[in-house]
Amino acid sequence: MAETLLLENAHLRMRVAPQGGAVLSLDSLKFQQPVLRAGKGEAPGYVGLFPMLPLANRVAGNRFMLHGREIQLPDSPVDAHFFLHGDGWLAPWQVAEQSGEHCVLYLRQRHACGFDYQAELVYRLRENVLVVSLELTHLGDTPMVYGGGVHPFFHLTPQTRIQFAASGYWPEGESHLPLAWTDSLPAAADFSVARHGEDDWLNVGYSGWNGRATIVHERMAVTLCAPTNWLMLFRMPGEPFVCLEPQTHPVNAHNMPGMPGLMLLMSGEKWRFSSSVRITSHDKC
């Protein structure tokens, strides 16, 4: 890639690519172990983490109704059917500021559907914590709904255990869209007790998440925190990663009653999101 930013402190080292606003890698210096899968960014999504905006995941039919108007979402260069994860992860961001432990990236996007925004993305190392902050400002004259989140690929080994709590989930249906919500979690999708889970395809969204998830390795523990109640889990058989994606709305919220989690912005109004990844020792009893 043309440009890579290196951030490092006594605890963590990370590489950031302005293309897609992506984290290419995040490693623990203390444990000499990757926190996120390492990617080269040679194709969209082949990274360790990317931002999702101005929406997360998919919208059924790639359209929705807003105040009596049908909003037809843009086509995506990476998906034939959906404006997948929005466009922030596909666009080149501008580097506005950089130090040894943080960087600030900016993005300006405009679409005929009504998305018209400027975004600021900040990656900051604070001792043993990576803090990710997103701020989006709507610049269009017509109000528009916004949402988003982050899409990390956490390093996974056969010894890794995952734990988080949720009140229920949406099973995956056709075209990766959610089926009806249920509070009955099958064993394969239940991580209320720390477990590795099955080495199989799993692509489901959870509600009632308390904003905290842990990924525990033999010596290292990784804690994901975000102020949202929606979490997406994605994993593929045989792949050394698990995605735990905090997002401000459930998949296809645009077509759900009340548009849960989405925020209607007037011109000049802002949407904000933050998430953190903390790396500590895992002390076995």
Side-chain angles (χ1 to χ4, degrees), residues 23 26 28 31 33-37 45 48-50 52 56-58 85 129-130 132 148-173 176-253 260-261 273-285:
V23 176
L26 176 65
S28 167
F31 299 104
Q33 186 173 347
V35 178
L36 302 175
R37 81 156 178 196
L49 177 150
F50 62 76
M52 298 185 289
N57 214 280
R58 296 165 174 85
H85 302 315
V129 181
L130 166 62
V132 184
V150 292
H151 195 305
F153 296 77
F154 289 102
H155 180 61
L156 184 70
T157 73
Q159 290 75 40
T160 303
R161 291 180 294 141
I162 304 156
Q163 192 277 325
F164 61 88
S167 61
Y169 89 125
W170 289 270
E172 182 182 22
H176 309 297
L177 291 167
L179 298 175
W181 181 89
T182 175
D183 63 357
S184 179
L185 290 169
D190 187 354
F191 292 89
S192 56
V193 176
R195 53 191 290 268
H196 181 76
E198 301 173 10
D199 183 22
D200 204 352
W201 178 276
L202 187 60
N203 186 36
V204 294
Y206 296 86
S207 67
W209 180 49
N210 67 0
R212 178 185 174 94
T214 56
I215 302 97
V216 178
H217 302 278
E218 288 188 290
R219 297 176 51 241
M220 181 178 76
V222 179
T223 303
L224 168 70
C225 292
T228 181
N229 300 125
W230 291 282
L231 180 72
M232 193 78 189
L233 185 152
F234 172 61
R235 68 188 296 180
M236 300 169 63
E239 293 291 341
F241 66 79
V242 59
C243 297
L244 297 175
E245 310 157 37
Q247 51 194 55
T248 60
H249 60 86
V251 179
N252 198 34
F273 176 80
S274 64
S275 182
S276 66
V277 178
R278 180 183 300 272
I279 295 85
T280 57
S281 298
H282 172 228
D283 298 321
K284 296 181 179 180
C285 298

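Between Ala180 and Pro171, the shortest heavy-atom contact is O-CD, 3.3 Å. Minimum heavy-atom separation, Leu177 to Arg58: CD2-CB, 3.9 Å.
Under the ring pair (Phe, Tyr, Trp, His ring centres under 6.0 Å) criterion, Phe191 pairs with Phe164, not counting sequence neighbours. In this view, Ala188 and Glu198 satisfy the side-chain contact (heavy atoms from CB on, under 4.5 Å) rule, not counting sequence neighbours. Every side-chain contact (heavy atoms from CB on, under 4.5 Å) that Ser275 has, sequence neighbours left out, goes to Val150, Leu224, Ala226, Pro246, Phe273. Residues passing the ring pair (Phe, Tyr, Trp, His ring centres under 6.0 Å) test with His85 are Phe50, Trp89, His151, sequence neighbours excluded. Applying the side-chain contact (heavy atoms from CB on, under 4.5 Å) rule to Pro158 yields no partners; only residues at least two apart in sequence or on another chain are considered. Residues that satisfy the ring pair (Phe, Tyr, Trp, His ring centres under 6.0 Å) test with His176, not counting sequence neighbours, are Trp201.
At distances below 3.5 Å, at least one donor-acceptor pair connects side-chain atoms of Asp199 with backbone N or O atoms of Gly238. Between the side chain of Thr182 and the backbone N or O of Ser184 there is at least one donor-acceptor pair closer than 3.5 Å. Under the 3.5 Å distance criterion, the side-chain polar atoms of His196 are matched with a main-chain donor or acceptor of Thr160. When atom types are taken as modelled, the side chain of Arg195 and the backbone of Asp190 share a donor-acceptor pair closer than 3.5 angstrom. Between the side chain of Ser28 and the backbone N or O of Gln33 there is no donor-acceptor pair closer than 3.5 Å. A donor-acceptor contact shorter than 3.5 Å is absent between the side chain of Asp200 and the backbone of Pro237. Not one N or O on the side chain of Ser192 forms a donor-acceptor pair closer than 3.5 Å with the backbone of Ala165. Tyr206 places a side-chain N or O within donor-acceptor distance of the main-chain N or O of Ala189, the cut-off being under 3.5 Å.
Residues Phe31 and Ser281 are in side-chain contact: their nearest non-hydrogen atoms beyond the backbone lie under 4.5 Å apart. Residues Arg212 and Thr223 meet the side-chain proximity criterion, which asks for heavy atoms closer than 4.5 Å. Contact check for Phe241 versus Phe234: side-chain heavy atoms found under the 4.5 Å cut-off.
The aromatic rings of Trp181 and Trp170 lie perpendicular to each other, with more than 60° between the two planes, well past the 30° mark.
One finds the OG1 atom of Thr157 at 9.0 Å from the CE atom of Met220 (value rounded to the nearest 0.5 Å). We find the OG1-CG distance between Thr248 and Asn229 to be 11.0 Å, quoted to the nearest 0.5 Å. Here the CD atom belonging to Glu172 is positioned 7.0 Å from the CE atom belonging to Met232, to the nearest 0.5 angstrom. How far CG of Leu36 is from CZ of Phe153: 10.0 Å, rounded to the nearest 0.5 Å. Rounded to the nearest 0.5 angstrom, Cys243 SG and Leu202 CG are separated by 11.0 Å.
Across Val277, Leu26, Ile162, a single residue satisfies side chain to side chain contact (heavy atoms under 4.5 Å, CB included) together with Phe154, and that is Val277.
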